[in-house]
Participant: 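Dumping the structure here so I can ask a few things about it.
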Protein chains: 2
Amino acid sequence: MTGVSISQFRELCQRHGLAVTHQRQVIFEALTSMPGHPSPEEVFERVRKKVPAISLATVYKAIHTFLDSGIFGEVSVHHGSLRVDRNISPHHHLVCTRCKSITDIEESDVEPVQLRRSLPAGFQVHRYAVEILGVCPRCSEQSQGNPDKQHY
Amino acid sequence: MTGVSISQFRELCQRHGLAVTHQRQVIFEALTSMPGHPSPEEVFERVRKKVPAISLATVYKAIHTFLDSGIFGEVSVHHGSLRVDRNISPHHHLVCTRCKSITDIEESDVEPVQLRRSLPAGFQVHRYAVEILGVCPRCSEQSQGNPDKQHY
DNA sequence: TCGCAAAGGATAATAATTATTAAATGCTTC
DNA sequence: GAAGCATTTAATAATTATTATCCTTTGCGA
């Protein structure tokens, strides 16, 4: 069912230098067993069934810990606040995962995306948006520090 | 400077069935004159210099009106709340712009992205994430209604 | 086992966004 | 150009999402 035993989780934590706590384990199990792309709120709802006393803040903290360690990824690089894109014509984005800056790239600068397999039947594609994820010059010259979070 | 005259804005509004108001025009001008991908807060700060009495809620509503009409786009399809991606291995996303659902697509299902021109010097690419934007089967069968917002 | 740094719990604070509602304004019709 | 209705604004209030605070508890190495 769950797929990850306590000893595996223990090992995972040790590898990333994290303390093994009961709530972290429960949160981890919830995350791995939930379909799709769960939100902190959803995780909290599920986790509190096992640990009724748990706090939402704990869930947030644990999730951020996992993200920082690269154990999980974050769906959207640019969440947090609505951003308006004045550029109506199709284009792509160059995204710095450190400073979160977004630069437009012309659509013609990238070869058209091609599928190898057909998509789920009935899905109408409007356009392809390519996000080029990496580290911008400014960020990479400072701080050879921690690897950035992974974004998916 | 601004680039968009009042008559052009007027025409734009009429084409989309929007009333022409002073605040909308100021917000529109602010949006078109700001570099990058402005947030509602930033727009508000700029706009209030011209119309001190304006409300942040008005800015939000005007922006949404513009987004709904497709006059502008939205940088991120999935903003609003943090979503955890349990899938650590590189992959792409199938995104429905109506219901905002996100489905994972294996990286191998898409031909590797290729650049036609070189990126800004010094940008270290980590990975390419392809967002396939469109309308999922469920959403497209219901509602032949309004075209969805445009996402960039 | 002891001690301390790290983590958790409760809750307040802040940020981001949306809803409500009354007053003001745009727009159509005459 | 005025009258009247629909839309928009402004001013909150309310929600939602997230983070900080502060004190207690716990994990884990010495």
Side-chain angles (χ1 to χ4, degrees), chain A residues 6-7 9-30 37-45 47-69 71-72 74-84 100 149, chain B residues 6-7 9-28 30 37-45 47-69 71 74-84 100 149:
Chain A
I6 175 132
S7 65
F9 179 68
R10 217 176 189 82
E11 188 199 344
L12 190 63
C13 285
Q14 269 159 9
R15 188 153 13 110
H16 291 278
L18 305 177
V20 179
T21 71
H22 182 222
Q23 14 295 76
R24 279 186 181 167
Q25 199 196 328
V26 175
I27 291 167
F28 183 88
E29 279 173 355
H37 306 85
S39 69
E41 203 68 43
E42 288 163 351
V43 174
F44 177 59
E45 282 310 316
V47 156
R48 70 190 319 187
K49 287 176 188 162
K50 284 209 163 183
V51 187
I54 206 165
S55 152
L56 177 58
T58 300
V59 173
Y60 268 96
K61 277 187 250 182
I63 288 176
H64 276 136
T65 301
F66 293 151
L67 294 182
D68 289 341
S69 302
I71 294 175
F72 292 118
E74 197 179 332
V75 172
S76 182
V77 249
H78 26 64
H79 72 280
S81 148
L82 172 67
R83 295 308 174 92
V84 179
K100 302 293 179 70
K149 304 182 192 179
Chain B
I6 175 132
S7 65
F9 179 69
R10 222 180 183 78
E11 187 198 346
L12 191 62
C13 285
Q14 270 159 8
R15 189 156 9 110
H16 292 280
L18 305 177
V20 178
T21 71
H22 182 224
Q23 13 294 78
R24 278 186 184 165
Q25 200 197 325
V26 176
I27 291 167
F28 183 89
H37 305 84
S39 69
E41 203 66 44
E42 288 163 352
V43 174
F44 177 60
E45 282 310 318
V47 156
R48 70 191 319 186
K49 286 176 188 162
K50 285 210 164 186
V51 187
I54 205 164
S55 148
L56 177 59
T58 301
V59 173
Y60 268 97
K61 225 185 290 177
I63 289 176
H64 276 137
T65 302
F66 293 150
L67 295 181
D68 290 340
S69 302
I71 293 175
E74 194 178 335
V75 172
S76 181
V77 250
H78 25 66
H79 72 279
S81 145
L82 171 68
R83 295 308 174 93
V84 179
K100 302 293 179 68
K149 301 182 194 179

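Reminder, nothing fancy here: chain letters follow the sequence lines and each chain counts from 1.
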Participant: State whether the side chain of B:Arg24 and the backbone N or O of B:Ala19 hold a donor-acceptor pair below 3.5 Å, judged by distance alone.
Facilitator: yes

Participant: Examine D:dA10: is either OP1 or OP2 under 4.0 Å from a nitrogen or oxygen in the side chain of B:Gln23? Give yes or no.
Facilitator: yes

Participant: Go nucleotide by nucleotide along DNA chain D from the 5' end; which of B:Ala57 and B:Gly80 gets its closest nucleotide reached first?
Facilitator: B:Ala57

Participant: Would you say a side-chain N or O of A:His64 is under 4.0 Å from OP1 or OP2 of D:dT19?
Facilitator: yes

Participant: In whole Å, what is the span from the CD1 atom of A:Ile63 to the P atom of C:dG8?
Facilitator: 12 Å

Participant: Between A:Gln14 (CD) and D:dG29 (C1'), how many Å, whole number?
Facilitator: 12 Å

Participant: Check the distance between D:dC28's P and A:His16's NE2 and give it to me in whole angstrom.
Facilitator: 15 Å

Participant: Does OP1 or OP2 of D:dC28 have a side-chain N or O of A:Arg10 closer than 4.0 Å?
Facilitator: yes

Participant: Using whole Å, report how far CZ of A:Phe66 lies from C1' of C:dA7.
Facilitator: 12 Å

Participant: Calculate the interatomic distance between B:Asp68 atom CG and C:dT18 atom P; express it in whole Å.
Facilitator: 11 Å

Participant: Please confirm whether the shortest side-chain N or O distance from A:Thr21 to OP1 or OP2 of D:dT26 is below 4.0 Å.
Facilitator: no

Participant: What is the separation between atom CZ on B:Arg83 and atom C1' on D:dT16, rounded to the nearest whole Å?
Facilitator: 13 Å

Participant: Report the residue (B:Ile54 or B:Ser81) whose heavy-atom-nearest nucleotide on DNA chain D is the more 5′ of the two.
Facilitator: B:Ile54

Participant: Identify the heavy atoms of B:Val47 and B:Ala30 that sit nearest to each other, and give their distance.
Facilitator: CG2-CB, 3.7 Å

Participant: Categorize A:Leu56 for me: base, sugar-phosphate, or nothing, with a 4.0 angstrom heavy-atom threshold over every strand shown.
Facilitator: base

Participant: Closest approach to the side chain of B:Lys61, judged atom by atom: which nucleotide of C:dG8, C:dT20, C:dC27 is it?
Facilitator: C:dT20

Participant: Please tell me whether A:Ser76 and B:Ser76 have a donor and an acceptor in their side chains that are separated by less than 3.5 angstrom.
Facilitator: yes

Participant: Is any side-chain N or O of B:Arg24 closer than 4.0 Å to OP1 or OP2 of C:dG26?
Facilitator: no

Participant: Taking the side chain as C-beta and beyond, is there a heavy-atom pair between A:His37 and B:Val84 under 4.5 Å?
Facilitator: no

Participant: Give a yes/no on whether any side-chain N or O of A:Tyr60 is located under 4.0 angstrom from OP1 or OP2 of D:dT19.
Facilitator: no

Participant: Compute the centroid of each ring, for A:Phe44 and then for A:Tyr60, and state whether the two points are separated by less than 6.0 Å.
Facilitator: no

Participant: Rounded off to whole Å, could you give me the CZ-to-P distance for the B:Arg48 and D:dA10 pair?
Facilitator: 12 Å

Participant: With respect to the phosphate group of D:dA11, does any side-chain polar atom (N or O) of B:Ser55 fall under 4.0 Å of OP1 or OP2?
Facilitator: no

Participant: Would you mind reading off the distance between A:His22 atom NE2 and D:dC28 atom C1', rounded to a whole angstrom?
Facilitator: 18 Å

